[in-house]
Protein chains: 2
Amino acid sequence: MKRDSRLSGVLHVLLHMADADGPVTSEALAGMMQTNPVVIRRILGGLRKQGLVQSEKGHGGGWRLACDLDQVTLYDIHVALGAPDVLALGHRTESPGCLVEQAVNAAMSDAFSEAEALLLDRFRTITLAALSRDFRLRRKSGERECDNRK
Amino acid sequence: MKRDSRLSGVLHVLLHMADADGPVTSEALAGMMQTNPVVIRRILGGLRKQGLVQSEKGHGGGWRLACDLDQVTLYDIHVALGAPDVLALGHRTESPGCLVEQAVNAAMSDAFSEAEALLLDRFRTITLAALSRDFRLRRKSGERECDNRK
DNA sequence: ATTTCATGTAATAAATTGAGTTACATGAAA
DNA sequence: TTTCATGTAACTCAATTTATTACATGAAAT
């Protein structure tokens, strides 16, 4: 089963936007993400409806953040993406007539919801600001350790 | 993202086998699961290698359990199925060069592994015997409440 | 023996789905 | 009025899972 990396991808894009001065075009973002500009627009279009980003057309246009990095958590982004399934495992039938399957579902349901709740709780504790700080930290120490051009 | 219901399906099949007297054919099991006999054989063939079930060919053949219901947990079955991904969410790139993406991955990794560990721990606490007991309980009360043929 | 039934397995088809692409409309700035 | 950028629909592509077909193997019944 292939994992859904949209959340990971969106965070990548948002942090690049946070690091930029002006608006960033979907073409530039697509370059960083090694994907297609239309894909970027589709994803960010969804986030715009939640007020997380805004876009401008024409010359000098592009995308910029429209939210407070300190106030937005991974959970908010997850929800803005439509709150897709967090777990890869699921029930074969949601409301089975078979009593065997009812027993199976009942036993697994608790485990599922506990794990999902834990993950989403963790997401709620991580703000975009924290990610951005971590990124800048990595960039700084990366310069010290690896960049010997100057 | 579609959820992987193989574990759910296998449990269904195993409990029906536990409830049967003799061996059960893959055709009968396929009927219960509304799928194809070959699919059943493929799945159970994997479990046979782990010693969880055994099969017999020819007349009167079919599948039967080859394990102690008290000793086998959902976790064992999960592993026997190849321990597929538990989470639907994942990293866009596993070892990214981009520092932004490194920061994103680092932040999400902990949440991921905690949620996965929790789910698998819960699976370790549920035995096939417990599921089977629950099933028989449901059947009994179902007879009392709904079955007025006798 | 040979017929019947059931598993074992390879190969293929069909269905699903996310991602990528093309094409064109809309709108803003140069 | 030209250029640049988003907005969106429609379509193609690629990967994965599941279902199906076909046939070989082996065991029991007759």
Side-chain angles (χ1 to χ4, degrees), chain A residues 1-10 12-13 17 20 22-50 52-66 81-86 88-93, chain B residues 1-10 12-13 17 20 22-50 52-66 81-85 87-93:
Chain A
M1 175 106 356
K2 194 178 45 182
R3 288 195 178 183
D4 176 358
S5 61
R6 277 178 301 166
L7 177 56
S8 165
V10 166
H12 190 167
V13 161
M17 285 163 62
V24 191
T25 68
S26 46
E27 190 170 350
L29 293 170
M32 300 168 190
M33 300 270 298
Q34 309 176 69
T35 182
N36 193 289
V38 177
V39 175
I40 299 287
R41 285 182 215 139
R42 258 201 302 251
I43 297 175
L44 292 186
L47 297 199
R48 187 184 42 221
K49 286 171 193 150
Q50 321 291 321
L52 296 171
V53 299
Q54 57 189 209
S55 61
E56 289 148 43
K57 290 180 172 178
H59 268 282
W63 299 86
R64 67 170 79 239
L65 290 175
L81 284 174
D85 272 342
V86 158
L89 305 182
H91 300 320
R92 211 179 61 88
T93 309
Chain B
M1 172 110 355
K2 195 179 46 182
R3 288 196 179 184
D4 177 359
S5 61
R6 278 179 301 165
L7 177 56
S8 166
V10 166
H12 190 166
V13 161
M17 285 164 61
V24 191
T25 67
S26 45
E27 191 170 349
L29 293 170
M32 300 169 190
M33 301 271 297
Q34 309 176 68
T35 182
N36 193 288
V38 177
V39 175
I40 299 286
R41 285 181 215 140
R42 258 201 302 253
I43 296 175
L44 292 186
L47 296 198
R48 187 185 40 220
K49 285 173 193 149
Q50 322 289 323
L52 295 172
V53 299
Q54 58 189 209
S55 61
E56 288 148 43
K57 290 180 174 178
H59 266 282
W63 300 86
R64 67 170 79 240
L65 290 174
L81 285 174
D85 272 342
L87 298 178
L89 305 181
H91 300 320
R92 210 180 61 87
T93 309

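Every chain is numbered from 1 and lettered A, B, ... according to where its sequence line falls, protein lines coming before strand lines.
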Look up atom [atom1] in [X] and atom [atom2] in [Y], then write down how far apart they are to the nearest 0.5 Å.
X        : Y        : atom1 : atom2 : result
Leu65(A) : Leu44(A) : CG    : CG    : 9.5 Å
Leu81(B) : Leu52(B) : CG    : CG    : 9.0 Å
His91(A) : His12(B) : NE2   : NE2   : 13.5 Å

(message) I want to confirm an ordering. Mapping Asn36(B) and Gly45(A) to their closest nucleotides on DNA chain D, which one lands closer to the 5' end?
(response)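 Whichever sits nearer the 5' end wins; that is Gly45(A).
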(message) Closest-nucleotide mapping onto DNA chain C: is Val39(A) or Gly58(A) further toward the 5' terminus? I mean the 5' end.
(response)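 Residue closer to the 5' terminus by nearest nucleotide: Val39(A).
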(request) Take Gln34(A) and Arg48(B), find for each the nucleotide of DNA chain C with the closest heavy atom, and name the residue whose nucleotide sits nearer the 5' end. (result)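 Of the two residues, Arg48(B) wins.
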Nearest-Å distance for atom pair [atom1]/[atom2], residues [X] and [N]:
X        : N       : atom1 : atom2 : result
Ile40(A) : dT6(D)  : CD1   : P     : 10 Å
Leu44(B) : dA6(C)  : CG    : C1'   : 14 Å
Trp63(B) : dG26(D) : CH2   : P     : 15 Å
Lys57(A) : dA30(C) : NZ    : P     : 17 Å
Asp4(A)  : dT16(C) : CG    : P     : 20 Å
Leu47(B) : dG8(C)  : CG    : P     : 12 Å
Glu56(A) : dG7(D)  : CD    : P     : 10 Å
Arg3(A)  : dT16(D) : CZ    : P     : 15 Å

(message) Using Watson-Crick or G-U wobble geometry with both distances under 3.5 Å, which nucleotide pairs with dA22(D)?
(response)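 dT9(C) - that is the nucleotide pairing with dA22(D), both distances being under 3.5 Å.
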(request) Could you please name the partner base of dA28(C), counting Watson-Crick and G-U wobble pairs only when both distances are under 3.5 Å? (result)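 Matched dA28(C) with dT3(D) under the 3.5 Å cut-off.
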Given [options], identify the nucleotide with an atom nearest to the side chain of [X].
X        : options                 : result
Val38(B) : dG8(C), dG7(D), dA10(C) : dA10(C)
Thr25(A) : dA9(D), dG26(D), dA5(D) : dA5(D)
His59(B) : dA28(D), dT6(D), dT7(C) : dA28(D)
Arg41(A) : dA9(D), dG7(D), dG20(C) : dG7(D)

(request) Check for a donor-acceptor pair, side chain of Arg92(B) on one end and backbone N or O of Met33(A) on the other, with a separation under 3.5 Å. (result)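 Yes, because the side chain of Arg92(B) sits within donor-acceptor range (under 3.5 Å) of the backbone of Met33(A).
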(message) Between Thr25(A) and Ala28(A) (side chain of the first, backbone of the second, donor and acceptor by atom type, cut-off under 3.5 Å), is there such a pair?
(response)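 Answer holds: yes.
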(message) Looking at every heavy atom in both Pro23(B) and Gly60(B), which two are closest together, and how far apart are they?
(response)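 Reported closest heavy-atom pair: CG-O, 3.3 Å.
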(request) Kindly say if Thr35(B) contacts the phosphate of dA19(D), meaning a side-chain N or O under 4.0 Å from OP1 or OP2. (result)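 Result: yes.
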(request) May I ask you to evaluate whether Ser55(A) reaches the phosphate of dT6(D), defined as a side-chain N or O under 4.0 Å from OP1 or OP2? (result)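 No, Ser55(A) has no side-chain N/O under 4.0 Å of OP1/OP2 on dT6(D).
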(message) Any donor-acceptor pair, under 3.5 Å, between the side chain of Arg42(B) and the base of dA19(D), if you only look at N and O atoms?
(response)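 Indeed, a donor on one side and an acceptor on the other fall under 3.5 Å apart.
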(request) Could you tell me whether Gly60(B) contacts a base, only the sugar-phosphate backbone, or nothing, with contacts defined as non-hydrogen atoms closer than 4.0 Å? (result)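 The residue Gly60(B) makes no contact with any strand.
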